[in-house]
Amino acid sequence: MKIYTKTGDKGTTALFGGTRVPKHHIRIDSYGTVDELNSHLGLIRDQDINEQYKQIIMTIQDRLFTVGAILATDPEKAILKSGKERLNIPKISEADISVLENEMDAMNEALPPMTHFVLPGGHQTVSFCHIARCVCRRAERLASALNDLEPFQPESLKYLNRLSDYLFVLARKLSHDLRADEVKWIPEKES
């Protein structure tokens with residue numbers, strides 16, 4: 001199988017179901033940003049971090065492929081003539097969201113309470129988490145805009161929201177584990 005098909009040479013691409021749309025379509029931007037996020041998570045997973053975090057990240061990456069598939073499916077072609085769903089995979093569930101929440105709760109137990117905003121940085125691995133968090137927020141914004149136009153599975157949007165929170169807590173936990181400085185943002189007073 002060849003990687004290049006030449007079908008996108010005129011600036012269009014196919015959704016799951018065959019519908020062709022411009023490559024700048026919000027649906028493409030949405031799942032493309034989820035793909036970008038997934039790549040950033042791979043970068044975090046490649047760092048020298050706790051094996052449990054790596055396993056959770058791999059689970060998240062799997063679920064992001066599901067979110068991407070949901071976003072890449074033309075809603076008008078989501079149901080086949082047979083009445084079955086075109087996307088024949090487990091969707092995002094409340095259990096997937098609970099995994100993120102439980103992980104955050106466990107990490108938070110080892111962290112000091114937040115009293116200020118935190119400046120991103122302190123260690124390269126922590127910075128990778130903050131970049132992933134920002135890309136996740138962008139994916140969420142795009143998915144939210146798409147959902148306004150063409151609604152999709154609500155748990156997918158909820159998952160992206162919770163995932164950005166998870167990445168923030170993971171950044172804090174990695175700062176703690178790596179003994180990196182967590183710099184508080186304290187705005188200067190006007191004179």
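These values consider heavy atoms only, across backbone and side chains, with no hydrogens, waters or symmetry-generated copies.
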For residues H116 and I186, determine if any side-chain heavy atom of one lies less than 4.5 Å from a side-chain heavy atom of the other.
yes

Is any side-chain heavy atom of K184 closer than 4.5 Å to one of F117?
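No; the side chains remain at least 4.5 Å from each other.
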
Step by step, work out the side-chain contact (heavy atoms from CB on, under 4.5 Å) result for V34 and N38.
CA-CA 6 Å; V34 169; N38 210 332; 5.7 Å; no

Tell me, yes or no, whether the heavy-atom count around D105 atom CG, taken from other residues, nucleotides or ligands under 6.0 Å, exceeds 12.
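Check passes, neighbour count above 12.
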
Taking everything shown except D181 itself, do over 12 heavy atoms lie less than 6.0 Å from its CG?
no

Would a distance-only check, ignoring hydrogens and angles, find a side-chain to backbone donor-acceptor pair under 3.5 Å from [X] to [Y]?
| X | Y | value |
| --- | --- | --- |
| D74 | L15 | no |
| S30 | I26 | yes |
| K10 | K6 | no |
| N147 | A143 | no |

My understanding is that only residues two or more places apart in sequence, or in another chain, count here; which of them pass side-chain contact (heavy atoms from CB on, under 4.5 Å) with K158?
E94, I97, R162

Carefully, step by step, assess D177 and Y53 under the rule side-chain contact (heavy atoms from CB on, under 4.5 Å).
CA-CA 12 Å; D177 293 353; Y53 302 154; 2.9 Å; yes

Would Q153 and S156 count as a side-chain hydrogen bond (donor to acceptor under 3.5 Å, both in side chains) here? Give the steps.
CA-CA 6 Å; Q153 188 211 20; S156 293; 2.8 Å; yes

Kindly indicate, with the supporting measurements, whether the criterion side-chain contact (heavy atoms from CB on, under 4.5 Å) is fulfilled by I79 and R86.
CA-CA 5 Å; I79 304 298; R86 178 176 298 281; over 6 Å; no

Quick check on the hydrophobic clustering: are V183 and V126 connected, directly or via other members, by side-chain heavy-atom contacts under 4.5 Å?
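Result: no, two separate clusters.
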
Membership question, hydrophobic clusters at under 4.5 Å side-chain separation (ILVMFWY): are L178 and L111 in the same one?
yes

Let me see the working for E182 and R172 under salt bridge (charged side-chain N to carboxylate O under 4.0 Å, His left out), right down to the final yes or no.
CA-CA 8 Å; E182 191 174 72; R172 290 198 70 221; 2.9 Å; yes

Distance check, rounded to the nearest 0.5 Å: [X] atom [atom1] versus [Y] atom [atom2]?
| X | Y | atom1 | atom2 | result |
| --- | --- | --- | --- | --- |
| F16 | K77 | CZ | NZ | 12.0 Å |
| I70 | L64 | CD1 | CG | 10.5 Å |
| I44 | T125 | CD1 | OG1 | 8.5 Å |
| R27 | T19 | CZ | OG1 | 9.0 Å |
| L87 | F152 | CG | CZ | 13.0 Å |
| S93 | Y159 | OG | OH | 9.0 Å |

Under the criterion side-chain hydrogen bond (donor to acceptor under 3.5 Å, both in side chains), I'd like the reasoning laid out for R141 against S144: C-alpha separation, chi angles, the key distance, then a yes or no.
CA-CA 5 Å; R141 289 189 302 271; S144 175; over 6 Å; no

Evaluate side-chain hydrogen bond (donor to acceptor under 3.5 Å, both in side chains) for R20 paired with T12, printing each intermediate quantity in order.
CA-CA 6 Å; R20 294 205 67 84; T12 65; 3.1 Å; yes

Provide the closest heavy-atom pair for L43 versus Q47 in the form atom of the first, atom of the second, distance.
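Closest pair (atom of L43, atom of Q47, distance): O-NE2, 3.0 Å.
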
Pair V67, L71 - check side-chain contact (heavy atoms from CB on, under 4.5 Å), show working.
CA-CA 6 Å; V67 172; L71 295 174; 3.9 Å; yes

